[in-house]
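Every chain is numbered from 1, with letters handed out A, B, ... down the list of sequences.
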Amino acid sequence: MSDNNKEVEVKEEDIFSQRLAKVQELEANDIKPFGEKFEGSSKIEDIRNSYKEDIEELQPAQVAGRLMAFRVMGKSIFADIKDSSGRIQLYANNKLLSADDFKLYKTLNVGDIVGIEGNLFITQKGELTIKVSNFKLLSKSMRPLPEKFHGLTDVQQRYRQRYLDLIMNDESKQVFQQRFAIIRELRKFLEAQDFLEVETPMLQPMSGGAAATPFETHYNALNCPMFMRIAPELYLKRLLVGGFEKVYELNRNFRNEGMSRRHNPEFTMVEIYQAYGDCQTMMELVEELVTTIAQNVFGTLKIKHSDEKTIDLTRPWRRVTYKEVIMEKAGSDWFELSLSDKIKKGKELGIHTDDKMTDIEISNEIYEKLIESTLIQPTFVTRLPEQLVPLAKKCEDDPSLVDVFELEINGQEIAPGYSELNDPIEQRKRFEEQVKRGDEGVDESGKIDEDFLTAMEHGMPPAGGMGIGIDRLIMMLTGAESIRDVVLFPQLRPKNQ
RNA sequence: GGGAUGAUAGCUCAGUCGGUAGAGCAUCGCCCUUUUAAGGCGGUGGUCCUGGGUUCGAGUCCCAGUCAUCCCA
């Protein structure tokens, strides 16, 4: 055949050039390599479910998807096609298709997107298969897919070219399907509880609501600096002042800090506020919320990560005070020790200490470095030192503590929750102390969010509030070891410069 | 910021003592009408991460750097 001779002469060097030649030849034959609308297809999953084995009549099927395997056996061709719901085998031969169509069908490649029509049958090996009577090329793939058996394993490439990871690795795709099912359930739950989803600024004139370094940018029209939000808290509280009683915001926060297995510079958080509630209200809410999601998405409260690690979400969850949990680790006399003894003992326990650390810092170092990662089963750690949490109400029986919890699951902080501070005089004092201490994330020029304080001075109802780290929640529920496995396009260093 | 490990064909990976760059898959050609990681035969395909150095000769040894993974701070 002259066509073949021509191709040999051209001697294409790589797959892309070969495909380019194929595309040009298709176009020359009036076949569109990048086709158009192809409607009326069923999901492969539905085709499988509705197939009836013991009936005589033909059972037609139409599918659209990507070719994942292509096995040519002379005059007979088996292929696998994959859509969002699954995979099914295709069978074609030179009798079912016209000579021209069969010739064209033979030129298809793994990776091409095609539309298929045909009747269902069962092969000798017992596999449900579509006998192709008609097909349409919907998109020619110009580049080869990764290796069919091993898939794409290179982690860097899986993150940089996530679409290949999603095509090749079903486990990876499943995690993201679960991610978005979890988020849908979360919204459904809050909706049913009469919470209103709101949107507040992500671009803020000053960053507040958390201790973290913000991303800074510049707004040309106003010629002033702007910050990507590190938390929506201070705006949501303004809404409490404004009379919204049950609100939540589910969106991205940005923190200009390091990346790790547990940190991405942008991450998703839901913050929930309920007027006239408190810390206790929030503990009950988050228990119910997480168990409902687990039950609805996974059908179980026992989340197995490995043979050694299963997280049991059965209520009620353990509640323990911050002091108790530290004493469990550092000894019941820990809080009676002098600062120098604490430093000494901290060193023995294996944390890094220095002489400038305060009592509270060294205790918190013990908590963060030695305790947090051991809290695998759901645990509410309550009653934290006031200095650690500038936006929460003090405990009535002990003004050195605040009425808050940190929910720890899977060794990570999943959700902090507070009885929100609504005393504007106290709030101003706390902000000023923060500035004086030079806390991380506090504006260096000592600027305080006066606008927020003014709002609170108009009267903010007592309220319970909490934030749930969605990425970590999803890691916990799906068993993912890295935040990069639950974020579709995680941050990486740009490849070329 | 420090340490360990890695980077070789589009993908998954070998590469011995420093001596002509390899396999499987993919791709192209031929054979093959029930295969399914199809099979058989033959081809195409390489900035061995980058830049230096040692050497007659470097994928391999040395130095510096880039990117990634894990651990530590």
Summary of ring-ring contact (aromatic ring centres under 6.0 Å, His included) pairs that have at least one residue in residues 115-134 of chain A, sequence neighbours excluded: Tyr91(A)-Phe121(A)

Sugar-phosphate only, base, or nothing, as touched by Gly151(A) at under 4.0 Å among non-hydrogen atoms: sugar-phosphate

Would you tabulate the side-chain donor-acceptor contacts of residues 52-61 of chain A under 3.5 Å, counting partners in other chains and residues two or more places apart, or write 'none'?
{"unit_1": "Gln59(A)", "atom_1": "OE1", "unit_2": "Lys52(A)", "atom_2": "N", "d": "3.0"}
{"unit_1": "Gln59(A)", "atom_1": "NE2", "unit_2": "Lys52(A)", "atom_2": "O", "d": "2.6"}

Nucleotide U5(B), atom P - distance to CG of Asp154(A) in whole Å: 19 Å

Spacing of the C1' atoms in C11(B) and G57(B) (rounded, Å): 32 Å

ring-ring contact (aromatic ring centres under 6.0 Å, His included) pairs, two or more places apart, involving residues 326-345 of chain A: none

Residue-phosphate contact under 4.0 Å: Arg71(A) side-chain N/O, A38(B) OP1/OP2: yes

Euclidean distance for C1', C72(B) against C56(B) (whole angstrom): 46 Å

A68(B) phosphate, OP1 or OP2, under 4.0 Å from Arg493(A) side-chain N/O: yes

Distance test, side-chain N/O of Gln157(A) to OP1/OP2 of C11(B), below 4.0 Å: yes

ring-ring contact (aromatic ring centres under 6.0 Å, His included) contacts in which one or both residues fall within residues 131-160 of chain A, not counting sequence neighbours: Tyr105(A)-Phe135(A)

ring-ring contact (aromatic ring centres under 6.0 Å, His included) contacts in which one or both residues fall within residues 30-61 of chain A, not counting sequence neighbours: none

Heteroatom pairs (N/O) under 3.5 angstrom, protein to nucleotides 23-26 of chain B:
{"unit_1": "C25(B)", "atom_1": "O3'", "unit_2": "Lys148(A)", "atom_2": "NZ", "d": "3.2"}
{"unit_1": "A26(B)", "atom_1": "OP1", "unit_2": "Lys148(A)", "atom_2": "NZ", "d": "2.8"}

Lys/Arg N to Asp/Glu carboxylate O, Asp341(A) vs Lys344(A), below 4.0 Å: no

5' priority, RNA chain B, between Leu492(A) and Gly350(A) [closest heavy atom]: Leu492(A)

Minimum-distance pair of heavy atoms, taken over all atoms of Ala231(A) and Gln204(A): O-NE2, 3.7 Å

Residue Thr153(A), side-chain atoms from C-beta onward, closest of C71(B), C11(B), C13(B): C13(B)

Presence of Lys369(A) side-chain N/O under 4.0 Å of C72(B) phosphate oxygens OP1/OP2: no

Rounded distance in Å - CD (Glu368(A)) to P (A73(B)): 12 Å

Residues in salt bridge (Lys or Arg N to Asp or Glu O under 4.0 Å) contact with Asp112(A), at least two apart in sequence or another chain: Lys140(A)

Options U34(B), C11(B), A38(B), nucleotide nearest the side-chain atoms of Leu152(A): C11(B)

Near-strand residues of residues 72-94 of chain A, defined as heavy-atom separation under 4.0 angstrom from RNA chain B: Val72(A), Met73(A), Gly74(A), Lys75(A), Ser76(A), Phe78(A), Gln89(A), Tyr91(A), Asn93(A), Asn94(A)

Salt bridge (Lys or Arg N to Asp or Glu O under 4.0 Å) pairs, two or more places apart, involving residues 361-380 of chain A: Glu365(A)-Lys369(A)

Base-pairing assignment for U20(B) (Watson-Crick or G-U wobble, both under 3.5 Å): none

Nucleotide of U34(B), C70(B), C11(B) approaching Phe121(A) most closely (side-chain heavy atoms): U34(B)

